[in-house]
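Residue numbers begin at 1 in each chain, while the letters A, B, ... track the order of the sequences.
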Protein chains: 2
Amino acid sequence: MKNNINEPSGIQADDCPSVDGLRMTRQRSEVYKVLMDHRDHPTAGEVFERAKENMPTISLATVYNCLEALVQHGAVRQVNFERESSRYCPNLTEHGHFHDEESGEIIDVPLKKGAMLSDLLELPEGAQIDNLEITLRGTIAE
Amino acid sequence: MKNNINEPSGIQADDCPSVDGLRMTRQRSEVYKVLMDHRDHPTAGEVFERAKENMPTISLATVYNCLEALVQHGAVRQVNFERESSRYCPNLTEHGHFHDEESGEIIDVPLKKGAMLSDLLELPEGAQIDNLEITLRGTIAE
DNA sequence: AGCACTTTTTAGAATAATTCTAATTATTGA
DNA sequence: TCAATAATTAGAATTATTCTAAAAAGTGCT
């Protein structure tokens, strides 16, 4: 790969706050920036298209690799709607996703402060929850 | 297809309570029975394997068709865990799913009676919810 | 800087769940 | 019984994602 940008691999805090233990390569930083830029839950393919604008040599496999690395280090969340392509979301606060069937838009749905999941759900005895996904599909009345 | 079983296509209430507007074929009824028999959230492939025991000529495409028909008519729910194969669930009460990472088991998690989703989530103004999916991943402490 | 070592990136091939296609079979209702 | 519609089937096609193996980049030591 031609690397003509004279840039250290440690990234400005603004771009990506050096995710714990994750080496910040130019590609990972670009992928992360794409997600931060418009926070609209793009698919890997969409991230690829956007990343190519700044970094024409990036490959789709790398985008997948970067997304996986970012997800595993907790810098980004992976969101699944039924059988569609995974989407990626840089919002790390606990939240669900509302999929507007009319506009196609995906809207972050924050958990109410202080709300306990166990108020809503009859969880199994002793359950330790590592991951929670709440997805909603519907419409918005005008 | 060889059809050597002399059986009307209308199904016993016990097998499948004539889902509104859905013609109950032998295959759909078999697929539904598989789901009712062990309620363990099988994948389409697993449903296929089980259905073949009683109906060796059934095809995988038909299993997919039947599952889709049953889902669309609300007789069965489709459950997705991340990128895994879809799973199918005949429990029609509102509930989520807990995926035990140790045993691999999937456990239905009932919504508490009277609990409102809007107590937990900051829903968008005017949201009409057609579909809600709550999935949890974790472990169970002994 | 030079060198050995590890990690990442890359293009393209492979995989696997699901959907599609077109032909056959079953079902319905006149 | 016949025509019309719907469902089933085998196998091909699709598509998101993962894998592979080679090249490139990064790291750390002297």
For this session: Calculate the interatomic distance between B:Glu30 atom CD and D:dT9 atom P; express it in whole Å.
Result: 11 Å
For this session: Would you check if the distance from the ring center of B:His97 to the ring center of B:His99 is below 6.0 Å?
Result: no
For this session: Write down the distance between CG (B:Leu22) and P (D:dA7), rounded to a whole number of angstrom.
Result: 8 Å
Problem set entry | Rounded distance in Å - NZ (B:Lys52) to C1' (D:dT9) | 13 Å
Problem set entry | Lys/Arg-Asp/Glu bridge criterion (N-O < 4.0 Å) met for A:Arg87, A:Glu46 | yes
For this session: Mind listing the residues from residues 79-91 of chain B sitting with a heavy atom below 4.0 Å of DNA chain C? Number order is fine.
Result: B:Ser85, B:Ser86
Exercise. Between C:dT28, C:dA11, C:dT18, which one does the side chain of B:Arg23 approach most closely?
Worked result: C:dT28
Exercise. Can you check the B:Gln78 CD to C:dA17 P distance for me, whole Å?
Worked result: 14 Å
Exercise. Can you tell me how far C1' of C:dA11 sits from CD1 of A:Ile58, to the nearest Å?
Worked result: 14 Å
Exercise. Between B:Gln27 and C:dA26, is there a side-chain N or O to OP1/OP2 distance below 4.0 Å?
Worked result: no
Problem set entry | Length of the line joining A:Met24:CE and C:dT7:P, which is rounded to integer Å | 17 Å
Problem set entry | Spacing between B:His73 atom NE2 and D:dA6 atom P, to the nearest angstrom | 12 Å
For this session: Just compare D:dT17, D:dA10, C:dT10 and give me whichever is closest to any side-chain atom of A:Ala44.
Result: D:dT17
Distances for protein N or O near nucleotides 20-22 of chain C N or O, under 3.5 Å:
none

For this session: Kindly say if B:Thr25 contacts the phosphate of D:dT8, meaning a side-chain N or O under 4.0 Å from OP1 or OP2.
Result: yes
Problem set entry | Distance, rounded to the nearest Å, where A:Tyr64 contributes OH and D:dT18 contributes P | 7 Å
